[in-house]
Every structure is written in structure tokens, then in C-alpha cells.
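Taking it in order: structure first as C-alpha cells, then the write-up.
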Amino acid sequence: MGRHRSDPMGIARLALVGLAVLALVALIVAGVLALFGSLGSEPEPRPSPTPTAAVSSASPERVPTVLVQCLRERCPTVFLRVAGGDVLLNREMVRDEQARFFEDKIDVVLADSASVRVRVNGVERSPGGPGERQEFTASRE
């Protein structure tokens, strides 16, 4: 006579394998969603097609509080945030990329101040030496 009863251990193993497959699929879906979410979560400043000189001749209400332009192939970390508040930029920049912000007070930290051109209220700041770190707060005039 053959066995007609189902094997409880076989069903348990199948259930475990099924749960493991579901968990793996859930992890993959969560990873893909997190990747797509991180790609679109922070808009990156784009290089401006207008020359930097045009910024200083703009009307006073259009002159950014801080304008940072990368002068090298890669510029080490540029950190800008509303004074005591939200982070505006915290990353490396690439050649000719510009970041402009119009907030009233902005904390600025430059990992290598010689690698970037910085204008505060339309006035260019003196660069530091190669590799020199600079920290300052820019205030709207």
C-alpha cells in the first residue's frame, strides 16, 4: 500500500522556502524603491549658461547671497546651509558647476577654498591657498 498522507515536514519546508523567496523579493523591491527615491530626492544645481560677470550686473534683488563656482575638474566638498538651519549643498562639485542661493544668512564651509570662486552679494571673495579650508557666514545686504 502506498502512502496517501502528506508529509508534515515536507509542507513545512515548502512553506519556509516560500517565505524566504517572498522576503528576498520584498528586499529587492525595497532596495529598488530606495535607489530611485535617492536619485530624485535632491535636485543638483546645474551649471549656469550665463557668465559669472553677468551676475554682478544683475539687479540687486537677483544677486545671490552666495554664488560658488567650481574652477577645477573636481572641487572638494562645498557645504552651504541656511545659518543654523537646512543644508543647501553638501558635496563635491565639478568644473564650471555653479550653486546660487538667496537666503538671508548662509553658513559656508569650503574644503579647498582655492578650487572655487565665491561671490558674496556679487562681490568676489579672495581665495585661500591650495588645500586651505575656509568657514564663514554670508549675510544678505
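Throughout, residue positions are numbered sequentially from 1 according to the sequence presented.
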Review point. With a 4.5 Å heavy-atom cut-off, do D96 and Q69 have their side chains touching?
Key: yes
Review point. Sequence neighbours excluded, which residues qualify as salt bridge (Lys or Arg N to Asp or Glu O under 4.0 Å) partners of E141?
Key: none
Exercise for review: Look at the side-chain heavy atoms of Ile, Leu, Val, Met, Phe, Trp and Tyr, link any pair under 4.5 Å apart, and say whether V108 and L71 land in one connected group.
Suggested key: no
Review point. To which residues is V87 joined in a hydrophobic cluster, defined by side-chain heavy-atom contacts under 4.5 Å among Ile, Leu, Val, Met, Phe, Trp and Tyr, whether direct or through other members?
Key: F79, V109
Exercise for review: Provide the closest heavy-atom pair for R140 versus P64 in the form atom of the first, atom of the second, distance.
Suggested key: NH1-C, 3.5 Å
Point to revise | side-chain hydrogen bond (donor to acceptor under 3.5 Å, both in side chains) contacts in which one or both residues fall within residues 12-31, not counting sequence neighbours | key: none
Review point. Does any pair with a residue in residues 109-141 pass disulfide (SG to SG under 2.5 Å), and if so which ones, sequence neighbours excluded?
Key: none
Name the atoms and distances for all side-chain donor-acceptor pairs under 3.5 Å in residues 128-135, with sequence neighbours left out.
{"residue": "E132", "atom": "OE1", "partner": "G129", "partner atom": "N", "Å": "2.9"}
{"residue": "R133", "atom": "NE", "partner": "E135", "partner atom": "OE2", "Å": "3.1"}
{"residue": "R133", "atom": "NH2", "partner": "E135", "partner atom": "OE2", "Å": "2.9"}
{"residue": "Q134", "atom": "OE1", "partner": "R125", "partner atom": "NH2", "Å": "3.4"}

Review point. Under the salt bridge (Lys or Arg N to Asp or Glu O under 4.0 Å) test, which residues partner R72, sequence neighbours left out?
Key: D112
Check your understanding: Backbone N or O of D104 within a donor-acceptor pair of the T65 side chain at under 3.5 Å?
Key -> no
Point to revise | Pairs involving residues 110-141, ordered by first then second residue, that meet disulfide (SG to SG under 2.5 Å) (sequence neighbours left out) | key: none
Exercise for review: Quick one: which residue pairs count as a disulfide (SG to SG under 2.5 Å) with a foot in residues 62-141, not counting sequence neighbours?
Suggested key: C70-C75
Check your understanding: Knowing that exactly one of T137, L89, I106 qualifies, which makes a side chain to side chain contact (heavy atoms under 4.5 Å, CB included) with V66?
Key -> I106
Study note, to complete from the structure: side chain to side chain contact (heavy atoms under 4.5 Å, CB included) filter on V29, not counting sequence neighbours, yields V25, L33
Exercise for review: Only counting residues at least two apart or in another chain, list the ones meeting side chain to side chain donor-acceptor pair (under 3.5 Å) with E92.
Suggested key: R74
Check your understanding: Tell me, which pairs form a disulfide (SG to SG under 2.5 Å) where one or both residues lie in residues 104-141, sequence neighbours left out?
Key -> none
Check your understanding: Rounded to the nearest 0.5 Å, how far apart are OG of S115 and CD of E73?
Key -> 12.5 Å
Check your understanding: For R81, what residues pass the salt bridge (Lys or Arg N to Asp or Glu O under 4.0 Å) criterion, not counting sequence neighbours?
Key -> D107
Check your understanding: Rounded to the nearest 0.5 Å, what separation is found between the CZ atom of R100 and the CG atom of L88?
Key -> 15.0 Å
Exercise for review: Answer yes or no: is there a side-chain heavy-atom contact under 4.5 Å between L110 and F136?
Suggested key: yes
